[in-house]
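First comes the structure, then the notes that go with it.
Position 1 is the first residue of the sequence; numbering continues from there. Quick caveat: nothing in here was measured; it's all calculated off a predicted structure.
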Amino acid sequence: MGFDQYHEPADELSQETRSFARMITSLIEEAEAIGWYEQRMSLEKDKEAKAIMANAQKEEFKHFGMNLEFLLRRNKDWRTELHGILFTKGDIVKLAEKAEKKVD
C-alpha cells in the first residue's frame, strides 16, 4: 500500500527527509485528532463519556508536542522562529514578523 505523504519519488529521498515527512504527517494526524475530540466533546451529553474523550484528547496533545519537538530539533530556522512566537505575550502577528526577521 502506498502513502501520499511524499511529493517526490520516495526512493530518491534521503532517510532523513523520509523521517521528516513521516513526522509532519504524524503532526497533522495528531492535530486532526485533537480537533475531532473537541467537536465530539462539545456535543457529548454523557459526563463520563465526555471525560474519557477529554482524557484521550490530552494524549493527542502530548503526541502533537512530541512530534513538533522532534521537527524543531531538526530544523534550526523553525526552532528560532517559533521560539519568538510560542509561549510569549503580545501581538502574535507582530511577534511572528519579528521572529521571521531573525531567520531571514
- Where G84 and A99 come nearest, the two heavy atoms and their spacing: CA-CB, 4.0 Å
- Note on the structure: Interatomic distance, NZ@K76 vs CD@E81, rounded to 0.5 Å, equals 13.5 Å
- Message: Which heavy atom of L72 sits nearest to which heavy atom of L82, and what is that distance?
- Response: CD2-CD1, 3.5 Å
- CE of M23 to CD of E29: how many Å apart, nearest 0.5 Å? 11.0 Å
- Message: If hydrophobic clusters are built by linking Ile, Leu, Val, Met, Phe, Trp and Tyr wherever their side-chain heavy atoms come under 4.5 Å apart, do I24 and F64 end up in the same one?
- Response: yes
- Message: Check whether N67 reaches the backbone of H63 with its side chain - one donor and one acceptor, N or O, closer than 3.5 Å.
- Response: yes
- Query: Among the clusters formed by ILVMFWY side chains lying less than 4.5 Å apart, do L27 and F61 turn up in the same one?
  - Reply: yes
- Cluster check F20, Y6: I/L/V/M/F/W/Y, side chain < 4.5 angstrom: no
- Message: For F70 together with W78, are the ring centres under 6.0 Å from each other?
- Response: no
Report, one line per pair, each donor and acceptor closer than 3.5 Å where one atom sits in a side chain of residues 34-46; sequence neighbours left out.
residue	atom	partner	partner atom	Å
E38	OE1	Q57	NE2	2.9
S42	OG	Q39	O	2.7
E44	OE2	D46	N	3.0
D46	OD1	E48	N	2.9
D46	OD1	A49	N	2.9

- How would you list all residue pairs meeting salt bridge (Lys or Arg N to Asp or Glu O under 4.0 Å) that involve residues 56-71, not counting sequence neighbours? E59-K62, E69-R73, E69-R79
- Query: When clusters are formed by joining ILVMFWY residues with side-chain heavy atoms under 4.5 Å apart, either directly or through shared neighbours, do I92 and F87 land in the same one?
  - Reply: yes
- Query: If only atom types and distance count, is the side chain of S19 paired as donor or acceptor with the main-chain N or O of E16 below 3.5 Å?
  - Reply: no
- Message: Quick one: does any side-chain atom of T17 pair with a main-chain N or O of L13 as donor and acceptor, under 3.5 Å?
- Response: no
- d(S26 OG, L71 CG) to nearest 0.5 Å is 9.0 Å
- Same apolar cluster: L95 and V103, side chain cutoff 4.5 Å: no
- Item | CG on D11 to CZ on R18, rounded to 0.5 Å | 8.5 Å
- Item | Distance (rounded to the nearest 0.5 Å) between T80 OG1 and D104 CG | 11.5 Å
